[in-house]
2 protein chains.
Amino acid sequence: MKIKLVKASELKSEILKKLYYENALSCAELSVLFGKSLPIIMKAINELIDEGFVVEVGYAPSSGGRRPLNYAVKADAMYIMAIAMDQLSTRIAIVDLCNRPVAEVEMVELLLNNNAVALDKLIEYINAYILKTGIAKERILGIGIGMPGFVSAADGINYSYLDAHGQSLNEYIFSATGLPTYVANDSSVIALAEQKFGVAKAQEEVMVINLGWGIGLGMIVKGEVFRGYDGFAGEFSHIPLFEDGALCICGKQGCLEAEASMLVVVEKAKEGIKQGRLSTLQSVIDDPLKLMGDAIFEVAATGDPFVIELLSDAGYKIGKALAILIHIMNPKTIVLSGRGAKGGKIMMAPIQLALNKYCIPRLAANIEILISELGFDGEIIGAAVLVMENFDQEKLIINTKRIQMNI
Amino acid sequence: MKIKLVKASELKSEILKKLYYENALSCAELSVLFGKSLPIIMKAINELIDEGFVVEVGYAPSSGGRRPLNYAVKADAMYIMAIAMDQLSTRIAIVDLCNRPVAEVEMVELLLNNNAVALDKLIEYINAYILKTGIAKERILGIGIGMPGFVSAADGINYSYLDAHGQSLNEYIFSATGLPTYVANDSSVIALAEQKFGVAKAQEEVMVINLGWGIGLGMIVKGEVFRGYDGFAGEFSHIPLFEDGALCICGKQGCLEAEASMLVVVEKAKEGIKQGRLSTLQSVIDDPLKLMGDAIFEVAATGDPFVIELLSDAGYKIGKALAILIHIMNPKTIVLSGRGAKGGKIMMAPIQLALNKYCIPRLAANIEILISELGFDGEIIGAAVLVMENFDQEKLIINTKRIQMNI
DNA sequence: TAAACTTAATAAATTATTTTAATATCTTTC
DNA sequence: GAAAGATATTAAAATAATTTATTAAGTTTA
């Protein structure tokens, strides 16, 4: 692993971040990781222990000498509020520094589309949840929010939903809750989670496909989330893919999303069953969208031919789009994530088929396609990571005082 | 501009690189650029002067105080061998540290396709050129080579041409010439040139389109050339773009290259004229490919309707491909470069037309499309940059000795 | 036109970092 | 199972970097 250059003044917060991501490390390991001498790492670690952020967690196995003492973040030193939104509903959680929820994750209905009060509703839910869990705001490091739409994480603006009258959502929510807030596109948040805690851990070149009601793309480039110049990179689902495809909500024809998203699969399923196709789905055909979506994966697992046909068709189309992505990005790994990751196993074969057809063999040869193990939790974990990514020395100092004041 | 963290042991070579890119800088500017204190920059600069790499170049205008003393690289301290290859011919140059050729640039015929002796021929040409110019090898920093094909710059291997029996081209050419050698894909080399010395100077998110016999893509991501995991990123011209397009040399159908490359434009021109289309191109229809290509741009500039129609058609198709690229990468700038950049002006309108049709408006809105001013020199300059990108403290020390030995 | 204000370069003092050496603890090998 | 080799931690010495203060040189403004 290449060493990460950090300024001396940022060393302590960078060590804390590293421990958050890596769980447990020894001083010697941190020394090589940061390219700093042992004494200076030692000093930083001891200060972090005194400040209540880090604890010793026993000895690691020896590799031929004295056993190294491992250090880890103190899980309950601080908490992180992690929020995962989609067009229909929003999940709210507070997790500790080991990403474990400290209270039940709450799911609330919150329609984003054409909803002028969505933002204020969200803030209500946030404040209510904090109150309910009884956790002091001073112990919460910040709020991370993954949300659909054209989101500029740098500016904190979502150009599609949650209008804060041109103001930054980060600032708006901060002033309404008192907590530092960071928003980002849902797919980029899921990519963060997969690269820090998921199947793509520590990998440098990863494309994470967010299979949901739409089809999103979170990109990891050179080991970091890539968002492009305006923050809109990874707008994968609306590239012109099929010459005479279905009409898309974006107004264009032939978008991937209009051909292969979970929404389309559900609708095709309904359509097919109405026209007499046999399927065990028949019993849930009048259920709301969300339940129908869940049912599809259950039924697929039991081998329902019609559903498998639908998922295969979607998979092949996703594969064609992936072929384009691979040509441009040449990633090492592609991760199928999001709520639709459950169907990943079934889609794998048609995706590979499409890659064989549309990819230059040399490019497709070494591609590794993985299915997320974080699944539905990915966006929550990613939202927490988002807060830690923005953690710096300044915040370390602020929160040190809070811990010592024993709030 | 954000500061660049460097290890103390690499400071001098990093300063030298910076001066190479920026032409002239004061100590105070370097101090903020590297986030180091003035005394330490001062010390490094004075050492570089003593070693013969840097010279004072007069005072910069004052911004309200004492006028800063500017420093620049000593242009003739060292030389760089820069080589630009395409499938048919190869240009060889030796440039000084201001990228000025110190002898006439030589163009030699060198077919890459199915040519087992191409590599050894290249080495012959290299050695002969050095001999001819009379420059001591010890004064040449290294050889940078831009070449078509699937090139892994990291491994120094071209999987398409110039087979060195699995060995690294970098090493093979080094052992045959005694000069450190760095190869890279031609389009990525052109992108380097555009970002360091061209219209995309210092920009962070740039897509450089290499319009040539094929259509290449060099990507600048986060201010650096992006090559992907295996080094094959930017394989732009073979994405599945047109459902029933022309057959491509890659074996697939509907590739951009098979529809819009200069090769295709030339062939369509010949075809059209044979079928009776009127054009001032008529007189050169039996000329070799290269001359015909040059003629196309000359004739286009005079307003030949048939040629403009052909270029517009190609432009529209390139625009459709750019739409895909923009959706995925969200760049700030797109640069039309390579030998076909001369036709950029004419292609601009149809490209914009295609973007309007195929791009989500928000993404296309702020895109800046520029035409290269480096033109045909781009690849040569980029090849020189490639050598400087690989310049480090170790090489600085080696070459300091050489300069002091007065070779 | 001189005083006040900026900016740049240099020197000395202070602070921070790394090396080196010493010690503690564990694994391997004879 | 003791001695040799390896790794981790701690302490002291040596080195390096930054801050601060000072001098120099130029601009702006009253």
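Everything numeric here is computed off the predicted structure, so don't read it as measured data. Proteins come first, then strands; the chains are lettered A, B, ... in the order of their sequence lines, and each starts at number 1.
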B:K7 atom NZ is separated from D:dT15 atom P, nearest whole Å, by 21 Å
Here the distance between atom P of C:dA9 and atom CG of B:L30, to the nearest Å, is 10 Å
Separation of C:dT19 atom C1' from A:I41 atom CD1, nearest Å, is 16 Å
Residues at least two apart in sequence or cross-chain that pass side chain to side chain donor-acceptor pair (under 3.5 Å) with A:E373, listed by chain then number, are none
Here the distance between atom P of C:dT7 and atom CD of B:E29, to the nearest Å, is 13 Å
Here the distance between atom P of D:dT10 and atom CD1 of A:I45, to the nearest Å, is 11 Å
Is there any protein nitrogen or oxygen under 3.5 Å from a nitrogen or oxygen in nucleotides 15-18 of chain C, and what are the pairs?
unit_1, atom_1, unit_2, atom_2, d
C:dT18, OP2, A:S37, N, 3.3
C:dT18, OP2, A:S37, OG, 3.1

Dump every N/O contact between nucleotides 22-29 of chain D and the protein below 3.5 Å, one line per pair.
unit_1, atom_1, unit_2, atom_2, d
D:dG26, N2, B:G64, O, 3.3

If you look only at distance, which donor and acceptor atoms sit under 3.5 Å apart when one is on a side chain in residues 193-202 of chain A and the other is two or more places apart or in another chain?
unit_1, atom_1, unit_2, atom_2, d
A:E194, OE1, A:V199, N, 3.4
A:E194, OE2, A:S337, OG, 2.9
A:E194, OE2, A:S372, OG, 2.5
A:Q195, NE2, A:Q203, O, 2.9
A:Q195, NE2, A:G223, O, 3.4
A:K201, NZ, A:Y21, O, 3.0
A:K201, NZ, A:K196, O, 3.0

To the nearest angstrom, the CG-C1' distance between B:L11 and D:dT18 comes to 14 Å
Residues passing the side chain to side chain donor-acceptor pair (under 3.5 Å) test with B:E394, sequence neighbours excluded, are none
Sequence neighbours excluded, the answer for side chain to side chain donor-acceptor pair (under 3.5 Å) partners of B:S31 is none
By side chain to side chain donor-acceptor pair (under 3.5 Å), B:K222 pairs with (sequence neighbours left out) A:E224
Residues at least two apart in sequence or cross-chain that pass side chain to side chain contact (heavy atoms under 4.5 Å, CB included) with B:D76, listed by chain then number, are B:K74, B:Y79
Indicate every side-chain donor-acceptor pair of residues 37-60 of chain A with a distance under 3.5 Å to a residue at least two apart or in another chain.
unit_1, atom_1, unit_2, atom_2, d
A:N46, ND2, A:M42, O, 3.2
A:E47, OE1, A:K12, NZ, 2.7
A:E51, OE2, A:K12, NZ, 2.7

Practice item. With heavy atoms under 4.0 Å as the rule, sort A:L38 into base, sugar-phosphate or nothing. Key: base
Kindly check if the number of other-residue, nucleotide or ligand heavy atoms within 6.0 Å of OH (B:Y229) is above 12? no
In whole angstroms, the gap separating C1' of C:dT19 from CE of A:M42 amounts to 17 Å
- Query: Is the Lys NZ or Arg CZ of B:K17 less than 6.0 Å from the centre of B:F391's six-membered ring, within 45° of the axis?
  - Reply: no
